[in-house]
Amino acid sequence: MSAAGADGQPDRSLIDTRGRALRDLRISVTDRCNFRCTYCMPKEVFGRDRAFLPRAELLTFEEIARLARVAAAHGVEKIRLTGGEPLLRKDLHLLVAKLSELRTPLGAPLDIALTTNGALLAAKAASLRAAGLRRVTVSLDSLDDATFMALNDVAFPVATVLEGIRAALESGLGPVKVNMVVKRGHNDHDIVAMARHFKGSPVILRFIEYMDVGATNGWQLDQVVPSSEVIARIHAQLPLEPVPPAYPGETSVRWRYRDGGGEIGVISSVTGAFCGACTRARISTDGKLFTCLFATTGDDLRALLRHGASDEDLAAVFAGIWRARTDRYSEVRGLSTRRPPEAGGRVEMSYIGG
Ligand code: SAM
Ligand code: SF4
Ligand code: SF4
């Protein structure tokens, strides 16, 4: 039985076995990317002969919007479009327009966001904003071309990503967040330079611990720079103080500059697992539902969609999967130095949606 919500209407939120509600949906709109970040799609594995999903296997915009509508009826408030590189999906603004028509049971629009490498953002920011996109997160791992190019592995220049960030700000896609994945020995020497660059700007810079996602990036614990070290290095030059979380279970731990120069965040996926507050589900490019970033299998929603399932059928499947959810991979992995043996079967982040 559903409990009554604040408005007296039945509360149709889905709650898993650990008391976590389904609130966020990440949707991978393409498994392709124009970068080959060494920590995500290493060239040795994602080379020229890599087979990506054929178009017919991708969820259509109509199918994505339908799943999002069912999810919104059951508590999802935020949708993040990701990939792969989501801006490679043709006419993405048309999907954004469809999603921006959706409402929660209380009639509120959904919070629609996008994570992008920024390569195509300058050209697309205004049309995405006009279609209803609210916020954008841009990934940028260094301000130094040599370091950035070594990480993106396609010789992509920093300046173009910075232009994308500028266009996003000018289009009103704020607050713009910038994600920097920190990999020891690769870009950790740029932590303070990145902090200095975005200090005093409207951009919120977030440092992400390098994670053992997927099965191909050769992750090792000694390549992870703990968030505590990131904060200490910045604090030594640009004094910081903690900021209370904006809401319980916020994944990014916030800090602000003591001189009023704005704030930064750290996402401690390895040293400070936040599974206890994880309210996210993911839909892969071909329509499988995953309840954890580190999952090995997902449930095929596309087959249901393409075989005439009703919204009620889809809702029942969502509910069954979420209510049975037990995931807490990062808590269990803890600080073991190697990825577990079963990691070989894990799906890649570009497919499941980062
Ligand atoms: N292509 C887009 C981008 O790079 O922003 C969206 C997809 S990407 C998989 C989403 C986010 O995951 C990016 O911020 C990326 O830096 C992050 N990411 C990818 N691999 C990671 C890893 N091994 N550890 C931590 N973050 C990772
Ligand atoms: Fe592409 Fe994003 Fe993965 Fe880099 S992190 S390879 S940009 S999907
Ligand atoms: Fe959520 Fe899985 Fe990450 Fe834990 S490991 S925070 S359950 S996605």
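Predicted model only: the values in this text are computed from it and were never measured. Order of listing sets the numbers, starting from 1, for every ligand and every atom in it.
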* Asked: Which ligand 1 atoms does Asn179 reach within 4.0 Å, using its non-hydrogen atoms?
  -> 14 (O)
* Structure fact -> The reported gap from CG in Asn34 to CZ in Phe156 (rounded to nearest 0.5 angstrom) is 7.0 Å
* Structure fact -> In terms of its nearest heavy atom to atom 6 (C) of ligand 1, the top option of Cys33, Ser28, Gly84, Ser139 is Gly84
* Could you find the nearest protein heavy atom to atom 21 (C) of ligand 1 and give me its residue, atom name and distance? => Tyr39 CD1, 3.5 Å
* Short N/O distance, under 3.5 Å, between Glu85 and ligand 1? -> yes
* Asked: Given Glu263, which of Arg258, Lys199, Arg254 fulfils the salt bridge (Lys or Arg N to Asp or Glu O under 4.0 Å) condition?
  -> Arg254
* Check each atom of ligand 2 against the heavy atoms of Asn117 and keep those under 4.0 Å away; list them by number with element. => 7 (S)
* Asked: Do the rings of Phe148 and Phe35 sit parallel, tilted or perpendicular, given the 30° and 60° boundaries?
  -> perpendicular
* Just by distance, do the side chain of Arg20 and the backbone of Thr17 share a donor-acceptor pair under 3.5 Å? -> no
* Under a 4.0 Å N-O cut-off, is there an ion pair linking Arg184 with Glu229? -> yes
* Structure fact -> Taking only non-hydrogen atoms of Gly83 and a 4.0 Å limit, the atoms of ligand 1 in range are 7 (C), 9 (C)
* Nearest protein heavy atom with distance in Å, relative to atom 24 (N) of ligand 1 -> Met211 N, 2.9 Å
* Structure fact -> In terms of its nearest heavy atom to atom 1 (Fe) of ligand 3, the top option of Ser269, Cys278, Ala277 is Cys278
* To do: Before accepting this row, confirm whether a basic side-chain N of the pair Arg256/Glu241 lies closer than 4.0 Å to the acidic partner's carboxylate O.
  => yes
* **For Thr82, atoms of ligand 1 separated by under 4.0 Å from a heavy atom** => 6 (C), 7 (C)
* Hey, does Cys37 sit under 4.0 Å from ligand 1 if you only count heavy atoms? -> no
* Are Trp322 and Thr291 close enough, and set up right, to give a side chain to side chain contact (heavy atoms under 4.5 Å, CB included), and what steps lead you there? -> CA-CA 7 Å; Trp322 191 266; Thr291 56; 4.1 Å; yes
* Thr137 N/O to ligand 1 N/O under 3.5 Å -> no
* **Those atoms of ligand 1 less than 4.0 Å from some heavy atom in Asn117** => 2 (C), 3 (C), 5 (O)
* Asked: Which bit of Asn217 is near ligand 1, meaning a heavy atom under 4.0 Å away: side chain, backbone, both or neither?
  -> side chain
* Asked: With respect to Tyr39, which candidate in Asp141, Asn217, Asp212 satisfies the side chain to side chain donor-acceptor pair (under 3.5 Å) definition?
  -> Asp141
* For atom 16 (O) of ligand 1, which candidate among Leu114, Ile267, Val181 holds the nearest heavy atom? -> Val181
* **Nearest candidate to atom 7 (S) of ligand 3, where distance is taken over non-hydrogen atoms, out of Thr326, Val332, Ile352, Asp327** => Asp327
* **Ligand-side contact atoms (ligand 1) for residue partner Val213, heavy atom cut-off under 4.0 Å** => 22 (C), 23 (N)
* Is Ser139 in contact with ligand 2, taking contact as a heavy-atom separation below 4.0 Å? -> no
* Any donor and acceptor pair, going by atom type alone, linking the side chain of Glu209 with main-chain N or O of Thr271 inside 3.5 Å? -> yes
* **Interfacing atoms of ligand 1 (cut-off 4.0 Å, heavy-atom, Thr116)** => 2 (C), 3 (C), 5 (O)
* Going by the side chain to side chain contact (heavy atoms under 4.5 Å, CB included) test, name the single residue among Leu25, Asp24, Thr279 that passes it with Lys78. => Asp24
* Would you say Glu209 contacts ligand 1, with heavy atoms under 4.0 Å as the rule? -> yes
* Please identify which atoms of ligand 2 are closer than 4.0 Å to at least one heavy atom of Cys37. => 4 (Fe), 5 (S), 6 (S), 7 (S)
* To do: With heavy atoms of Ser330 as the reference, note each atom of ligand 3 found under 4.0 Å away.
  => 5 (S)
* Quick one: look up the protein heavy atom nearest atom 2 (Fe) of ligand 3 and list residue, atom name and how far away it is. => Cys292 SG, 2.3 Å
* Asked: Is there a donor-acceptor pair closer than 3.5 Å between any side-chain N or O of His235 and the backbone N or O of Ile231?
  -> no
* Asked: Closest non-hydrogen protein atom to atom 8 (S) of ligand 3, residue and atom name please, with distance?
  -> Leu293 N, 3.3 Å
* **Those atoms of ligand 3 less than 4.0 Å from some heavy atom in Tyr329** => 5 (S)
* Structure fact -> Among non-hydrogen protein atoms, atom 19 (C) of ligand 1 lies closest to Met349 SD, 3.3 Å
* Within the side chain of Arg32, is there an N or O that forms a donor-acceptor pair under 3.5 Å with the backbone of Leu53? -> yes
* **Heavy-atom donor-acceptor pair, Ser28 side chain to Tyr351 backbone, under 3.5 Å** => yes
* Residues Arg66, Glu62: salt bridge by 4.0 Å N-O rule -> no
* To do: May I ask you to check if any N/O/S atom from Cys275 comes under 2.8 Å of atom 4 (Fe) of ligand 3?
  => yes
* Structure fact -> One finds that the ligand 2 atoms under 4.0 Å from a non-hydrogen atom of Gly84 are 8 (S)
* Asked: Which pair of heavy atoms, one from Asp91 and one from Phe61, lies closest together, and at what distance?
  -> O-CE1, 3.2 Å
* To do: Take Arg233 and Asp188, measure what side chain to side chain contact (heavy atoms under 4.5 Å, CB included) needs, and give me the verdict at the end.
  => CA-CA 10 Å; Arg233 286 208 216 174; Asp188 56 315; 3.0 Å; yes
* Counting each atom of ligand 3 from 1 as listed, which ones have a heavy atom of Phe294 under 4.0 Å away? -> 5 (S)
* To do: Please determine if atom 3 (Fe) of ligand 2 has an N/O/S atom from Cys40 lying under 2.8 Å away.
  => yes
* Any donor-acceptor pair under 3.5 Å from Gln223 side chain to Gln220 backbone -> yes
